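Since the structure comes first, as structure tokens, the remarks are kept for the end.
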Amino acid sequence: VDEPLIFETGSPDRSGVDLPAAPTVESRLGGLDRDEPISIPGLSEAETVRHYTRLSRQNYAIDVGLFPLGSCTMKHNPRLNEKMARLKGFSDIHPLQPVDSVQGALETIYQLADWLKTLTGMPAVAMSPKAGAHGELCGILAIRSALEARGDAREVILVPESAHGTNPATAAFAGYKVEDIPANANGRVDLDALKARLGPDVAGVMITNPNTCGLFEPDMKAISDAVHDAGGLVYCDGANFNAIVGRVRPGDLGIDAMHINLHKTFSTPHGGGGPGSGPVVFSEALEPFAPLPFVEKTEDGHFHLVEEETAEDHHESSFGRMVAFHGQMGMFTRALTYMLSHGADGLKQVSEDAVLNANYVLRSMEDLLEAPFAKSGPCMHEALFSDNGFTNGLTTLDLAKGLIDEGYHPMTMYFPLVVHGAMLVEPTETESKAAIDQFIGALRSVAGRAKAGDELLKSAPHFAPRRRLDETQAARKPILVWQEPEEYAEAAE
Amino acid sequence: VDEPLIFETGSPDRSGVDLPAAPTVESRLGGLDRDEPISIPGLSEAETVRHYTRLSRQNYAIDVGLFPLGSCTMKHNPRLNEKMARLKGFSDIHPLQPVDSVQGALETIYQLADWLKTLTGMPAVAMSPKAGAHGELCGILAIRSALEARGDAREVILVPESAHGTNPATAAFAGYKVEDIPANANGRVDLDALKARLGPDVAGVMITNPNTCGLFEPDMKAISDAVHDAGGLVYCDGANFNAIVGRVRPGDLGIDAMHINLHKTFSTPHGGGGPGSGPVVFSEALEPFAPLPFVEKTEDGHFHLVEEETAEDHHESSFGRMVAFHGQMGMFTRALTYMLSHGADGLKQVSEDAVLNANYVLRSMEDLLEAPFAKSGPCMHEALFSDNGFTNGLTTLDLAKGLIDEGYHPMTMYFPLVVHGAMLVEPTETESKAAIDQFIGALRSVAGRAKAGDELLKSAPHFAPRRRLDETQAARKPILVWQEPEEYAEAAE
Amino acid sequence: MRYLPLTPNDRQDMLATIGASSIDELFVDVPEEARLDGPIRDLPMHAGEMAVEAHMKKLARNNSAAGDMPFFLGAGAYRHHVPASVDHIIQRGEFLTAYTPYQPEIAQGTLQTLFEFQTQVARLFGVDVANASMYDGSTACWEAIVMARRITKRGKAVLSSGLHPHYVSVAKTMARFTKDQLVSEAPTLDAATDGADLLDQIDDDTSCVVVQYPDILGRVSDMSALAEKAHSHKALLIAVVTEPVALGAIKAPGQMDADIVVGEGQSLGVGLQFGGPYVGLFGCKQKYVRQMPGRLCGETVDAEGKRGFVLTLSTREQHIRREKATSNICTNSGLCALAFTAHMTLLGEKGLRELAMLNHKKAVVAADRLAKINGISLLNESFFNEFTLVLDKDARPIVRKLADQKILAGVSLGRLYPDENDLAHGLVVAVTETTSDEDVETLALALEGELA
Amino acid sequence: MRYLPLTPNDRQDMLATIGASSIDELFVDVPEEARLDGPIRDLPMHAGEMAVEAHMKKLARNNSAAGDMPFFLGAGAYRHHVPASVDHIIQRGEFLTAYTPYQPEIAQGTLQTLFEFQTQVARLFGVDVANASMYDGSTACWEAIVMARRITKRGKAVLSSGLHPHYVSVAKTMARFTKDQLVSEAPTLDAATDGADLLDQIDDDTSCVVVQYPDILGRVSDMSALAEKAHSHKALLIAVVTEPVALGAIKAPGQMDADIVVGEGQSLGVGLQFGGPYVGLFGCKQKYVRQMPGRLCGETVDAEGKRGFVLTLSTREQHIRREKATSNICTNSGLCALAFTAHMTLLGEKGLRELAMLNHKKAVVAADRLAKINGISLLNESFFNEFTLVLDKDARPIVRKLADQKILAGVSLGRLYPDENDLAHGLVVAVTETTSDEDVETLALALEGELA
């Protein structure tokens, strides 16, 4: 049974809330009363709960099964985190309350900042970025500010071709020109090509490490040194920090700025597409340019909020404000809860188990699926395969949709771009061996069918809430809002 | 994908909890240390959440769809109730705390008692019964105590044949002989037959009103008067109180005791089979015999707990204690929340809408399904049909299983016993007209197939998590606990 | 009204379909004189979430929540830490808002968890089988006595003086009507349990002997001799466990040959909740399975041969057998059983054993600290997480006074046995993983103040 | 460790399959000198739920929760009552723990809610289309300015002085790097908005004029003339709504011909949360849809012709277009959008209108009460649920002092505009359905005390 839209079952006269009567005074709306219908239907509470419950059951989620999306790090979201974020002392405080009335909130931010600095070996962190891509922007703005501060108007950012799409987009959004750097045969940045391109016009590089092939960049320190020698700065995309947390500190690799996806490494829920949270750690070179606001601790244990007004004293180089308030507080409480739960020993175990699980998948599949970089050594937290060897025109997409019929969410498809028909599998550390074995069994089955050219795969999935959806039609004439059927009809004419 | 049992995937060495180290002292267990394996496997938190999430998705529930189980009253369970029950002032207090430290809890019980007394027009209520059947027991024990107190050792309880099975079972459990009273052609108690049977050996009657045919007993007052005249007392099964709440007060009908299912009329969740809660209201005649403990309010606004110790002063006739503590506090908070939400006006609307919805189903189906008592007038909160007219050997069971394939939980089957192949449909007041119309459509479709003799119905359901399950095999050689496969094998020999 | 979806138009349309001109016509069977006009008096009108929440929060604030202060109460209800995921699981709408799994094809979620629950309980108790839960420990205890009567066809039950006094009260209430004979006494402040006395009470009229383990004073002792004596008279040993966490540290009753083991499962997953809802645990030997009360979930196969679970042996139950049923029970405590089994699954044997030893050893440390106080002696030689202190004065007023100081000091035996003056100096103190060293020290200092 | 299921045996078995002798071998690519031995120093070891909960609760207790005291803050974040069912819905594991719906066949739940969300937002704003949400209102505002630049190919944006100063700050931060020209001033304590001044600023270089509605001082005024003037210069009108509940009472910006409407959706479903996560709302006229940033959910059909939903127009997005993308955004605020849409569904038009009028009329009553105080005058002639009081002295120390007395009095303009001495006497006060009459009286008395 398909779940209808609220516009098809609700009524503007129905409501799932009861409100007290308003005081009987004249309204004072400046003559702007909204007279026309708003046409937003309501449902009773029972209908509302059922509507969303039913819809939820059409979703795949970590709570339902293994979610091997490479580069997305779908690990378990502990329920304690949810409970802590809902404590009224965190959930029911206003961002503009006087700072004396929110000392616990400021201390929470301060403590989380301290964990992030310690784990990365970096001296500063900007907490306000709202997501990973926002963190990238933050890092690039700091780099640009630092260069401008020394009167250096460099205009180019170098980005490896394996980078997340956000990297070039961010650099462009901040006004930079973007140039690619090729990968070498082992899936790493071509150090020589990079060195050859460095020069007085290059503001810096954006490198993902571990990179999007799931590999550690062994030359990272050399890259950093080369960029620094050429007068540039190094941005690291930290989306894959969960592969090395507790075992490697980016600060030891010469990195100047790196964002951390709290919703990946530190288990805050993805929520079907956000909210994320992307704090950015900074080297000493970038620290003075960090955005407002941030939290400082004074000698007497008081927590102090540095914002526009107070920044003038001792943080006059800040490049300014990126968001209205303090960042994703709700994610901070969850991430801090997660860190305290794991501790230094647990976080090390996290990265070890994540890497172990990924290598276990890699070695359990490489006889069946081409693993382009497997020969050069172990992978980090994710295993990369290509569709070389599929027959009968079958593609990575078909394998992915076939996995759906096996009861799994597909792996990441066609990313990174450097591998043909790329399939990026990241089991994460919260999966048991039994769960991974079962997944490998399913993946081997579908991979075998893809190599054998099984025609049925082309029309997979067959057992999902929907068959393949027509994305082309959706994009050609976008229908983004519901319209009364009559209007549909007119639109179709 | 079937969800394995925890015994098949878990490990006694794995745990989803982290505990601090125990102090290093000698244990003092009297030499009774548990040395042998307990063999209870553990799962990590991630596995645990996923296990139960997956299992939950094999359940039908109100949150998933209309749940037309007659006599079970599956109405919406408001989420505010859940939130209130979890306030630490209710959820984190011990039943034996000094009464001064739980005044709010005692007041909650007192307030709920007051609502129940006012809604039923009865002067007293026993709050401790744990469920409806436990409430029946409470009422029967009070009746027996009252009769014994006047030296009257009557031994028979009369029960109409349409009664809930719990009624005769309760009377027997309390040491009574049980005799049936027949129903008349209109599905009501045969008043003449009842009067004829009354006499000095009859302790009382247990009557369900509205009765299990979904009909109001119009002679209720006459029945009560006749029983009282014959020296007996009247127990009313209040499971169907939701049909009349706010419109009829049982106290006005001469009833001496009636239990109220908080999980039916007052929306506390059924939880897959409990916990229930079955407070019992009493007439003046039975009030002195009510069980311990209960709550009184003193002149100065203090709430006083009457238990063994304090009962001696002014409640010496109590028949004693039925449960260890105070009853289902968690259900009291939910029920009181529900009552406050609805208020006197809302509760009246509840019974009106429940009755309206049931009659709407009755009249929308009676051309297709035989409705044995429909001609005699409206029904109350549930509509009763029989399987007369089904062909090809199809039965009520087949129709029920066919409804599953339409996406619905079946109605109540084969109850009440007075109707052949009974089907008892109770939509409740929390369903919208659209939802009921959709259900009627499905029911008409399956009923049509049953009358046409559609062979496929015999093997329904086809689209559920399981096909029909072999209940005979389950009962013949019960497997109630999981055993290692080896033991299975042996057992099969 | 937020829970009622019918609009006035809907109601008119539906009345038209029914052929009635008004709602009142549908209530035609209700005699005129019994019908109420308008809303019932003396009750408030409907209210929004904000107003209701304010009302309930005010009531809740007027209680001293255990987590807000040092807390040492036990005596049949124990405060343990419940992992956050347990509450998440029981709030899944598919569990919370489901009914009894009478249609197994669409209730495998509930049924499989019950099967897992039964297996966990049986293993924890050391018996062959367990049911799908009862109302609570006290009613499970009475049901066990009735079951023993059914099995032995005898009516005399010997109750240990260590059995929770509320459980004894419940049994006495019922026995008065069922004419069962109960042999029962109050406990004495003695380090040893009444095991030896009980041996003497068992005779050929005895249906069962009922022993709590650990008992109401926190004492633990071996029940094997009682089982042997009972069996030699063809009577049954019923063991009652009010603190299931104990069985992570001490032998299971089944290992001492108990025939029926019942208990209160509240400790795991459920929380204090002022006494309810709780979850009764019920297990027994395989040979008595058909005499067991309550719901049972059993394994079977579906029409395609796939494993599945159903409610079974319902021929014992009231909806089939009516007055001949083994019990009038028609609900279990499903959602609490789910909480119990989810918590147990999180623990596993490893976690359960660790939790039990943590409870025990914290209790040992606390007992030694408190026993050092002038005017206090420790009754128990052995115990699990609960022990009895004997004060040099009446404990009850002290408990009340400490509660006013926001210290919940334990359960005075005077509260449990108001008629037994000999017990008035007794204070039962429970210590769990939630008790901190500071809590113990706060209690100790407060008691020192009262007893000085 | 409760979140890590691998046992030591599992790890050994898996290493054997991999062919590695130790975990260290898997980290071979990490240069020796960058590897850490043992756990990172200066951080605590792992801890159980109880210990972590105690830590976090201590931090939480050290904040003054709005619900515990009279509370009047707004200025871009509003305290509304969120129905209990909203939080239940967003905690469903299938919503909470799902990823971006890149595989639509198994993500229809998320996708359909986004489609419903887009429709609700578009209707609320009075525009044709809306996207699937942005980070928050402030970033949505900047994205709208960039979008206007893309559409008009002009770089001058005229910002109303009534635009939230943080939103202005965010835009200034970005404009410094993108070289956009921003025309912006601080507001003045005037009953009228700066609409007339803005008209003069619009010229043929202007990409857009950005107006907040209601504005930072709570003022509401008709934007139609601005739209007309903007359009006459082929510039766009961008309206910014920080309090969406207002649109249940006052005309939608789209009804005044705004081209792009952005806003902060926090008021519905999300809660205060110290500023985040919130949910940015973004809608526009149909003709600009392909220039809109952020995720979009669109309707389509599956291979069997059944209606379904997919993410669409992703050719605008970074993962396809890389440096040519319309924005670098690659998340929305999915779970907050779900909370918003669930709350809106519960309200419906009827509930939204009632809620809006309740807010407004409570604010009217409060404004009149507070304006009676000697030393206070009310700035606004018209407003929704927020208004500005002009005190006869600096408001900021008073706000701090009242906070110490557990009264959260509002937002002082001194906090928002530390450099603008002319604004120091301003106090912005928000009143919602959660504000009681007693709260208002408590504030009034406290202010009387301070201003006496």
Side-chain angles (χ1 to χ4, degrees), chain A residues 12 15-17 22-23 30 32 38 42 52 55-56 58-63 84 87-89 92 94-95 98 101 104 130-131 133 165 168-170 172-173 178 216 271-276 309 320-321 324-325 328-329 340 343-346 360 378 432-433 464 466-467 474 479-482, chain D residues 5 10 14 26 29 39 43 45-46 52 56 59-60 62-65 73 89 92-94 96-98 100 105-106 108-110 119 129 135 138 166 169 173 250 274-277 298-300 302-303 308 312 318-319 322-323 325 328 331 333-335 346 348-351 358 361 382 403 418:
Chain A
S15 184
V17 299
L32 290 169
I38 309 176
Y52 292 104
L55 282 177
S56 76
Q58 298 186 25
N59 270 5
Y60 194 93
I62 311 170
D63 277 8
M84 293 301 96
L87 293 172
K88 67 180 176 181
D92 195 23
H94 190 285
S101 74
K130 291 270 185 183
T170 297
F173 203 65
V178 177
F216 194 86
E309 169 184 20
R321 178 180 283 276
F325 302 117
Q328 309 287 59
M329 185 68 188
L340 290 165
D345 53 338
Y360 184 67
S432 69
K433 178 170 181 296
R466 284 290 179 284
R467 305 289 299 275
I479 304 175
L480 306 180
V481 297
W482 188 80
Chain D
D10 290 337
M14 294 167 81
L26 303 179
D29 286 335
L43 294 175
M45 296 296 112
H46 74 277
V52 175
M56 297 305 291
L59 290 170
N62 209 6
N63 297 313
S64 295
L73 279 77
I89 288 163
R92 290 274 306 170
E94 293 93 330
L96 185 77
T97 74
T100 305
E105 297 87 355
I106 47 174
Q108 287 297 303
T110 293
T119 308
V129 291
Y135 301 141
S138 67
H166 286 181
S169 288
T173 295
I250 56 175
F274 202 51
E299 183 182 321
T300 187
D302 78 357
T312 191
Q318 47 75 27
H319 64 282
R322 299 175 71 87
E323 62 267 25
N328 76 328
T331 49
S333 194
L335 203 66
L346 282 164
E349 175 163 348
K350 174 171 176 285
L358 179 60
K361 294 201 166 172
S382 58

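By convention in this document, chain letters (A, B, ...) are assigned in the order of the sequence lines, proteins followed by strands, and residues within each chain are numbered from 1. These numbers come from a predicted model, not from an experiment.
When all heavy atoms of A:Ser15 and D:Gly351 are compared, the closest pair comes out as OG-CA, 3.7 Å. Here the closest non-hydrogen pair linking D:Met56 and A:Leu340 is SD-CD1, 3.9 Å. Closest approach of A:Gly89 to D:Asn63, counting heavy atoms only: O-ND2, 2.8 Å. The two atoms that bring A:His94 and D:Phe274 nearest to each other are O-CD1, 3.6 Å, heavy atoms only. Residues A:Gln58 and D:Gly109 share a closest heavy-atom pair of CB-N, 3.8 Å. Residue D:Ala403 comes nearest to A:Pro98 through the heavy atom pair CB-CG, 3.7 Å, listed as atom of the first residue, atom of the second, then distance.
Proximity of A:Arg321 to D:His166: side-chain heavy atoms (C-beta onward) are separated by under 4.5 Å at one or more points.
For the options A:Gly274, A:Gly272, A:Ala474, A:Gly42, heavy-atom pairs under 4.5 Å to chain D are most numerous at A:Gly272. Of the residues considered (A:Leu480, A:Val178, A:Val17), A:Leu480 shows the highest number of contacts with chain D, using heavy-atom pairs under 4.5 Å. Ranked by heavy-atom pairs under 4.5 Å with chain A, the list D:Gly93, D:Gly276, D:Ser169 is led by D:Gly276. Considering only heavy-atom pairs separated by less than 4.5 Å from chain D, the leading option among A:Gly276, A:Ala324, A:Ser432, A:Pro12 is A:Ala324. Most heavy-atom pairs under 4.5 Å with chain A, from the set D:Met14, D:Lys350, D:Gln108: that is D:Met14. Chain D forms more heavy-atom pairs under 4.5 Å with one residue of A:Pro95, A:Gly30, A:Gly16, A:Ala22 than with any other, namely A:Pro95. With chain D as the partner, the residue from A:Pro275, A:Ala464, A:Ala131, A:Ala133 showing the most heavy-atom pairs under 4.5 Å is A:Pro275. Of the listed residues A:Gly346, A:Gly320, A:Ala344, the one with more heavy-atom pairs under 4.5 angstrom with chain D than any other is A:Ala344. Ranked by heavy-atom pairs shorter than 4.5 Å toward chain A, the options D:Asp302, D:Leu335, D:Asp10 are led by D:Asp302. Ranked by heavy-atom pairs shorter than 4.5 Å toward chain A, the options D:Pro5, D:Gly308, D:Ser382 are led by D:Pro5.
With a 4.5 Å cut-off on non-hydrogen atoms, D:Ile89 touches chain A through its side chain but not through its backbone. Only the side chain of A:Leu87 comes within contact range of chain D, with heavy atoms under 4.5 Å apart.
Taken from CD1 in A:Ile62 to OG1 in D:Thr97, the straight-line distance is 4.5 Å, to the nearest 0.5 Å. Rounding to the nearest 0.5 angstrom, the gap separating the OG atom in A:Ser101 from the CG atom in D:Leu73 is 8.0 Å. Separation of atoms CG (A:Asp63) and CD (D:Glu94) is listed at 7.0 Å; rounding is to 0.5 Å. For the atom pair A:Asp345 CG and D:Met45 CE, the distance stands at 5.0 Å (nearest 0.5 Å). One finds the CD atom of D:Glu105 at 10.5 Å from the CZ atom of A:Arg466 (value rounded to the nearest 0.5 Å).
Checked against ring pair (Phe, Tyr, Trp, His ring centres under 6.0 Å), A:Tyr60 has the following partners two or more places apart in sequence or in another chain: A:Phe67, A:His409. Under the rule for a ring pair (Phe, Tyr, Trp, His ring centres under 6.0 Å), A:Tyr52 has no partner lying at least two apart in sequence or in another chain.
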task = List the steps and the verdict of side-chain contact (heavy atoms from CB on, under 4.5 Å) for D:Thr312 and A:Ile479.
result = CA-CA 9 Å; D:Thr312 191; A:Ile479 304 175; over 6 Å; no

